[in-house]
Every structure is written in structure tokens, then in C-alpha cells.
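Worksheet for the structure shown next.
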2 protein chains.
Amino acid sequence: MSPNDLNEAGPSKQSLTAEAWAAAALDVMAVGGLDAVAVEPLARKLNVTKGSFYWHFPNREALVKAALALWEQRETVDVVSGLDQEPDPYQRIVNLFKRANSSYKSGRLYLALAAATDDVRVNEVVQRVSARRLAYLEKCYRALGMSAEEAPLWATFAYATFIGNQQVHRDTPHTFPAGPKFREYFKLMLRTLIPKGATP
Amino acid sequence: MSPNDLNEAGPSKQSLTAEAWAAAALDVMAVGGLDAVAVEPLARKLNVTKGSFYWHFPNREALVKAALALWEQRETVDVVSGLDQEPDPYQRIVNLFKRANSSYKSGRLYLALAAATDDVRVNEVVQRVSARRLAYLEKCYRALGMSAEEAPLWATFAYATFIGNQQVHRDTPHTFPAGPKFREYFKLMLRTLIPKGATP
DNA sequence: CGTTGCCCATACGCAGGCGTATTGATAGAG
DNA sequence: CTCTATCAATACGCCTGCGTATGGGCAACG
């Protein structure tokens, strides 16, 4: 837990910021979906009343927008920072997979957000984030020497696989390979999804 | 459209059945998620009032249960009927993939249901359906001569991939390969996810 | 024609979330 | 010490969905 842990019980005498509300909104989103972002329940969780909320935000709409912006920014810096440092394209894909399979919580958040197919604002953000990831993957495959026709297919393939992994992991947790089995599974995916040549 | 098309405008003088309500519930679920299954909005969509609903069901809970039961039954008969007729295990997997990538609507429904992670009833059903699909895939891989250690890994891999395909297709529709590109993509997945030997 | 059962409409009270208005508390500036 | 700006609590009205109670229409059957 960070020093200024929010959305937890306890006084936490520090005044709430708008970003704290947005972060709390993302937390409940990961569990209850977009509809779970409700002002009064959130206020209860933060040990305040909605009197506080309506000082920081004009309405619920603004909170949703702020939460989505925060999420997109997190996801985007997540991609550029650290990941792009790696020179080897093969290792870049490996790192992507590692990251995708490690952060279970952020995976849940993506799935919860993407499930809000009826909300236009959410759809736009999800689309941008997904498209960025796909473009990044495609770039990696091209760096591996793949043609402009093949790369997008492999990128979609790989991306679908690790999005699907998060889904399967969430939906049937006890069936998903764990421990040493997961290491096997991981290696299987890597050698299957990164074709020929270019080993590190 | 079937002769007794429900959940559409128009009088449709035929009396509503409980299953019609359940089917309509599944329809709105595929778009708005579990929370969209609300009695009064559904009644409006069916051109009746909730007076009708509360004759067929004791409460909203019962409707959700009925809808889930209907869904599970659909998904289950979907697997056993027609699919298990095919003798060749390779072709069985191919058919699975074809079916997964063809029924866009049913894919959306699965994703919407699976997103309701906070609901216990939904989780149980989703878990059973997913587990059944995984077990079926594993059986296919074993029929291809795969070992008891490898088969579950490949089954999870393949299942994650086509669940992920539905997700990517939904989240970034314009990026997803279409037309001839999709045929390429499909062949790529098949030859990658069904290893060596056992070609038809 | 009357009665009975099936299916639905209407009207009501209740609960919970949204947004507003008003007041209160606290810290820092002067 | 006073004043002011910041942040939060309280109280209110509104809307919407849930569940109940009651009554109405209609077909089948006697």
C-alpha cells in the first residue's frame, strides 16, 4: 500500500483530491463494472459524504470521464515506460506477455471496462488503448523481420491470446495452469506465438 | 426471425411465456450486461407492463436465474449437438473455431455475462460453461495423440485465443481482420494451434 | 348466460442514487 | 484575532426500479 492509501476504512485526515476519487472509481470498476461507479456508495467507501464529491466534480459524468482518463494515462505510460527500453524485439514481446500475465488486477480492470459496450465514452477509450497495444505488437513483429501483411495477423493473434488468458484466468481460476504448469504454459505460448529465428 | 418473434414492437397478440421473458433478458444482457436486466425496462421493450412479469415470475432474481439456465442450456446443447458428430478430432477443433468466430452475437453474450464477476449465480454458470468447453477441447487434443500433460495446456491456449478473438473483435472492430484477411488469419491460427500430424 | 381461470394493467408504497442548497468546520493569511 | 478560502456534512426533492394489491378483459366451459 502506498503511504496515501485511499479508499480504505479509517479517518485518513488528508483531504480528498479529485484524482483520489477517480482512483477509487477505477477500483470499484474492476469489481462491479461501470455501473458500480456510483457517487453515494463511493463516498461511503471513502468515509465521506457526497457533499465532498460535489465539490470536486460537477456530476457523476465528470467522475467517469476522469477515471477513464486516469486509466488511459496509466495504460499508456505503462506501454512506453520501461517496455520500449528493450532493444531486442523478441524480448519486447516476451516482456509484454510477462506483464500481461502478471498484473491480474489491471487485467480485470480492462475486462470490466471493455464490458461496458453500451457506453460511448468507455468504448472510445478502450478502443484507443487496444489499438495502441495492437500497433505496438505489430511493430515488434515487424522488427522481427515479418512482412507488412503477416505482422498485423500475428499481432492480433498474440493480443487475442493474452487478452483471452486474462479472461480464462478470471472465469475458471482453478482450471488455469498455475505454478510450474504455468511456466510450461508460458513457454508453450512464447515458442508458438513468436515464429522462427530471432532468438535472443 | 422466428414466427413468434418477441421483444419487438407491435402488438403480437400471443401471450408471453416465461421463456420469452428469459430470452429477452438474454438479449439485453448481451448489450447492457447483467444490470440491464431490469423488470420495468424489459416490460416496456416487450410492450407490456410489469403486471405481466410478476405473473410469470416471483421477482427479478427468478428472471435472472431463468435467463442463466436458458443460456447454459443453449451453450451446452450447442456443444453436444452437431459438433460431436464429427469423427476426425482435427476437424472437430476446426469446427469449434468456425463456430466461435461466426456467432458474433453469442460471443458478446458470453463476454457480457463473464463480466458480471460480482454476481455469484452468474459466476457459477460461466465457470461451468467455460470448464465444459475447456474439457471438450482437451479431449480433442488428446484424441490427436497428445499427452495428458500437454493437452490441457494446448486446450487452454486455444480456448484463450478464441475467447480473446471475440474480445478483440468487439473492442476494436475496425482493426480486426475482415474478409480475405480474416481467412488468412483463420488459417494462421489453425496451423499454429493444431500442432503437427493428423491433417485430415 | 354465468362462472372460473389465465394473463395483464393500474395504482401504490418503498428504497436508493442523483443533484442542489445551505450550513459547518478548519487552516492559513493578514 | 479575524477573515476568508477550502473542503465536507446535512437536508431536501426528484427520478427510477422493485414488489404488492387490486381490478379488468377474455376465452373456455358448464
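What you see is a predicted model; the values in this text were computed from it and never measured. Naming convention: chains lettered A, B, ... in sequence-line order (proteins, then strands); numbering from 1 in each chain. Below, each value reflects all heavy atoms present in this structure, side chains not excepted, and no hydrogens, waters or symmetry copies.
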Looking only at the side chain of [X] (C-beta and beyond, no hydrogens), which of the listed nucleotides [options] gets closest?
| X | options | result |
| --- | --- | --- |
| A/T49 | D/dA9, C/dG19, C/dG17 | D/dA9 |
| B/E40 | C/dG17, D/dT10, D/dG17 | D/dG17 |
| A/Y54 | D/dC18, D/dA9, C/dG19 | C/dG19 |
| A/V48 | D/dG17, C/dG19, D/dA9 | D/dA9 |
| A/W55 | C/dC8, D/dG17, D/dT6 | D/dT6 |
| A/S52 | D/dC18, C/dC18, D/dA9 | D/dA9 |
| A/V39 | C/dC8, C/dC18, D/dA8 | C/dC18 |

Integer-rounded Å distance: [N] [atom2] and [X] [atom1]:
| X | N | atom1 | atom2 | value |
| --- | --- | --- | --- | --- |
| A/L46 | D/dC7 | CG | C1' | 14 Å |
| A/N47 | D/dA9 | CG | C1' | 14 Å |
| B/L16 | C/dA9 | CG | C1' | 14 Å |
| B/D35 | D/dT16 | CG | P | 17 Å |
| B/F53 | C/dA9 | CZ | C1' | 16 Å |
| A/F57 | D/dC7 | CZ | P | 13 Å |
| B/R60 | C/dA15 | CZ | P | 18 Å |
| B/N59 | D/dG17 | CG | C1' | 14 Å |

Are the charged groups of B/E75 and B/R128 less than 4.0 angstrom apart, N to O?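 Looking at B/E75 and B/R128, the cut-off is not met.
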Would one find a side-chain N or O of B/H56 under 4.0 angstrom from OP1 or OP2 of C/dC8?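 Looking at the OP1 and OP2 atoms of C/dC8, one of them is under 4.0 Å from a side-chain N or O of B/H56.
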Within less than 4.0 Å of OP1 or OP2 of C/dG17, is there a side-chain N or O belonging to A/R44?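 Answer is yes, contact under 4.0 Å.
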Fit a plane to each ring of B/F162 and B/F97, take the angle between them on a 0 to 90° scale, and name the class: parallel (under 30°), tilted (30 to 60°) or perpendicular (over 60°).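 The rings of B/F162 and B/F97 stand perpendicular, inter-plane angle above 60°.
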Please work out which of the three classes, parallel, tilted or perpendicular, describes the rings of A/Y141 and A/W154, given edges at 30° and 60°.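 Aromatic pair A/W154/A/Y141 classed tilted.
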Chi angles and distances behind the side chain to side chain contact (heavy atoms under 4.5 Å, CB included) call for B/M189, B/N165: CA-CA 11 Å; B/M189 284 195 299; B/N165 271 328; 3.1 Å; yes
For a 4.5 angstrom cut-off between non-hydrogen side-chain atoms, does B/V48 reach B/W21?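 Contact flag for B/V48/B/W21 side chains = yes.
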